[in-house]
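Below is one structure, written out as structure tokens; comments come after it.
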Amino acid sequence: MDLAKEDESTLADDDRMSVTVGWSVIHADGCFEGLKATLRTAVDVAAWVERFADPLADSARLVHNARPLWIPEQNWPDHEMYAAVVDGYGYLAYQDRYQSTVYSVGAPESPGFESDDAGYPPGSGLSLHWFETAVAEWLRTAELPTVVEWRNNTG
């Protein structure tokens, strides 16, 4: 997992099948620490999930580098995937130019919550195993993961 800063426009062809993740950690003193990782393998995804499960971690934005740009002049991707881990559940929200925002369908007892990036409905929290599996599938395919079910915010 590469935590160095990268300019996505300069990624080599073999790095296109990668996911760039940005998230922050909010420390007890209120200071924010911005973090970035590039996920290239399922092992990278597993290591990131372990690190991201830190209770001090805030929500993350994931960008798949193999997907086309919506606005190339601004390096704006054609999709958004947001993730969060809260109380042992992993939450995913996804949208692209063809798909309005959908949320993972998870454990019925998982609580809903609001983050800066998405409002996750109750029942959308996945076990960390399925959260990791879905992110790993997305890394491999660059398409909405099929290993979990998805729903819109209204259920």
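Just so it is clear, the model here is predicted, and its values are computed rather than measured. Positions are given from 1 along the sequence.
The nearest pair of heavy atoms linking W23 to A60 is CB-CB, 3.6 Å. Nearest approach of V85 to A53, heavy atoms of both residues: CG1-CA, 3.9 Å. Of all non-hydrogen atoms in S18 and R40, the two that sit nearest each other are CB-CG, 4.0 Å. Shortest non-hydrogen contact noted between Y103 and N152 is CD1-C, 4.1 Å. Closest approach of Q99 and D96 over heavy atoms only: N-OD1, 2.8 Å.
Residues passing the side chain to side chain donor-acceptor pair (under 3.5 Å) test with E109 are Y89, sequence neighbours excluded. Partners of E149 by side-chain contact (heavy atoms from CB on, under 4.5 Å), not counting sequence neighbours, listed by chain and number: V105. When the side chain to side chain donor-acceptor pair (under 3.5 Å) test is applied to T133, no partner is found at least two apart in sequence or on another chain. Listed by chain and number, the residues in a ring-ring contact (aromatic ring centres under 6.0 Å, His included) with F113 are Y91, Y120 (sequence neighbours excluded). E50 is linked by a side-chain contact (heavy atoms from CB on, under 4.5 Å) to nothing, counting only residues two or more places apart in sequence or in another chain. Residues meeting the side-chain contact (heavy atoms from CB on, under 4.5 Å) test with V49, sequence neighbours left out: V45, F131, E132. Take E137 and apply the side-chain contact (heavy atoms from CB on, under 4.5 Å) test, not counting sequence neighbours, and it matches R140, T141, P145, T146, V147.
Once rounded to the nearest 0.5 Å, the distance linking CH2 of W150 with OG1 of T101 reads 11.0 Å.
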**Request:** Would you sort out whether W138 and L62 count as a side-chain contact (heavy atoms from CB on, under 4.5 Å), showing the intermediate values?
**Result:** CA-CA 10 Å; W138 190 55; L62 294 82; 3.6 Å; yes
**Item:** side-chain contact (heavy atoms from CB on, under 4.5 Å) evaluation trace for V135 with V19
**Value:** CA-CA 9 Å; V135 174; V19 171; 5.7 Å; no
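A side-chain N or O of N65 and one of T20 form a donor-acceptor pair less than 3.5 Å apart.
Cluster note: F32 groups with I26 through ILVMFWY side-chain heavy atoms spaced under 4.5 Å, whether in direct contact or through intervening members.
Put simply, the side chain of H64 reaches to within 4.5 Å of the side chain of M17, judged on heavy atoms.
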Using atom types as modelled, flag every donor-acceptor pair under 3.5 Å from a side chain in residues 122-130 to any protein atom, sequence neighbours excluded.
unit_1: S124; atom_1: OG; unit_2: P121; atom_2: O; d: 2.6
unit_1: S127; atom_1: OG; unit_2: W130; atom_2: N; d: 3.2

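Hydrophobic clustering, with ILVMFWY side chains joined whenever heavy atoms are under 4.5 angstrom apart, keeps F52 apart from V86.
Within the structure, side-chain hydrogen bond (donor to acceptor under 3.5 Å, both in side chains) pairs that include any residue of residues 26-35 comprise H27-E33 (at least two apart or interchain).
In this structure, the side chain of H79 does not engage the main chain of R67 through any donor-acceptor pair within 3.5 Å.
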